[in-house]
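Please read the structure below before turning to the comments.
Atom set for the values below is all heavy atoms of this structure, side chains included, hydrogens, waters and symmetry mates excluded.
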Amino acid sequence: MKARKWMMEYGVAMVISVASAVILGHLPLFREAMVGKLHASDLVQFLGYGGAIVLGWFGARQLANDPPDDWKWLAPYRALLLPMTTLMIVGFAYEVVLYACEPFLGKSGKDVYNWLFVVGLVCSCAWLIVTWVLKCAPHVASMDGRRLRKAA
């Protein structure tokens, strides 16, 4: 029941956010309106996609902290949820943040922007690997040992 509630809360909100960004971002009114160097369509897409990304991260955090009772299989992998979600979000955020920043970036600014995301992706991968080695792998190994003892 808890999983269905979270899917309704986070999932539907994410779908609405993305759908709003797609629809409003392609309307001629938003394509023509400008806020300084920034098109209103880019700003709307940044806010809509960015909102969906933030909701996705909060949903993953909620799932990692309080998983549904009927998802027992998730227990040894709970610690991986946030690092995995962060890795995916940093990858998605590259294009999303570019909607709002691209008009203001020059050549050197774009290089710095790219390197920030390279560092972010590498750090997210390192967090994922360290979490697996220190937290999840011991849980998975102990579960296999229990299964073998029960079988014997």
Distance-only, no hydrogens or angles: does the S41 side chain make a donor-acceptor pair with backbone N or O of H26 under 3.5 Å?
no

Heavy-atom closest pair, residues A21 and Y49:
CB-CE2, 3.7 Å

L105 side chain near L98 side chain, heavy-atom distance below 4.5 Å
yes

Give the minimum heavy-atom separation between A60 and T85, together with the two atoms involved.
CB-OG1, 3.2 Å

Kindly work out whether a path of hydrophobic side-chain contacts (I/L/V/M/F/W/Y, heavy atoms less than 4.5 Å apart) joins V90 to F58.
yes

What's the verdict on ring pair (Phe, Tyr, Trp, His ring centres under 6.0 Å) for Y94 and Y113, showing C-alpha distance, side-chain angles and the deciding distance?
CA-CA 9 Å; Y94 176 81; Y113 179 82; 5.2 Å; yes

Check whether any side-chain heavy atom of W127 sits under 4.5 Å from a side-chain heavy atom of W132, and report yes or no.
no

Results of salt bridge (Lys or Arg N to Asp or Glu O under 4.0 Å) for E102 - residues two or more places apart only
none

Can you measure from CG (N114) to NZ (K110) and round to the nearest 0.5 angstrom?
5.5 Å

Cluster question for you: counting only ILVMFWY and a side-chain heavy-atom cut-off of under 4.5 Å, with indirect links fine, are I53 and V44 together?
no

Those residues at least two apart in sequence (or on a different chain) that pass side-chain contact (heavy atoms from CB on, under 4.5 Å) with I23 are none

Closest contact, heavy atoms only, L121 versus G91:
CD2-N, 3.8 Å

Treat each ILVMFWY residue as a node, draw an edge where side-chain heavy atoms are under 4.5 Å apart, and state whether V96 and V22 are in one component.
yes

Any side-chain heavy atom of R31 within less than 4.5 Å of one from L27?
no

Tell me whether Y77 shares a hydrophobic cluster with V133, the cluster being built from Ile, Leu, Val, Met, Phe, Trp, Tyr side chains joined at under 4.5 Å.
yes

Non-hydrogen side-chain atoms of V119 and C123 separated by less than 4.5 Å
yes

Correct closest heavy-atom pair for A52 and S17 would be N-OG, 3.5 Å

Any donor and acceptor pair, going by atom type alone, linking the side chain of H39 with main-chain N or O of M34 inside 3.5 Å?
no

I need the single residue from D66, L81, L82 that forms a side chain to side chain contact (heavy atoms under 4.5 Å, CB included) with R61. Which is it?
L82

Looking only at non-hydrogen atoms, find the nearest pair between N65 and R78 and report the distance.
O-NH2, 3.5 Å

So, S124 side chain and G120 main chain: donor-acceptor pair closer than 3.5 Å or not?
yes

Who are the side-chain contact (heavy atoms from CB on, under 4.5 Å) partners of K37, not counting sequence neighbours?
P103, F104

Would I89 and V97 show up in the same hydrophobic cluster when neighbours are defined by side-chain heavy atoms closer than 4.5 Å?
yes

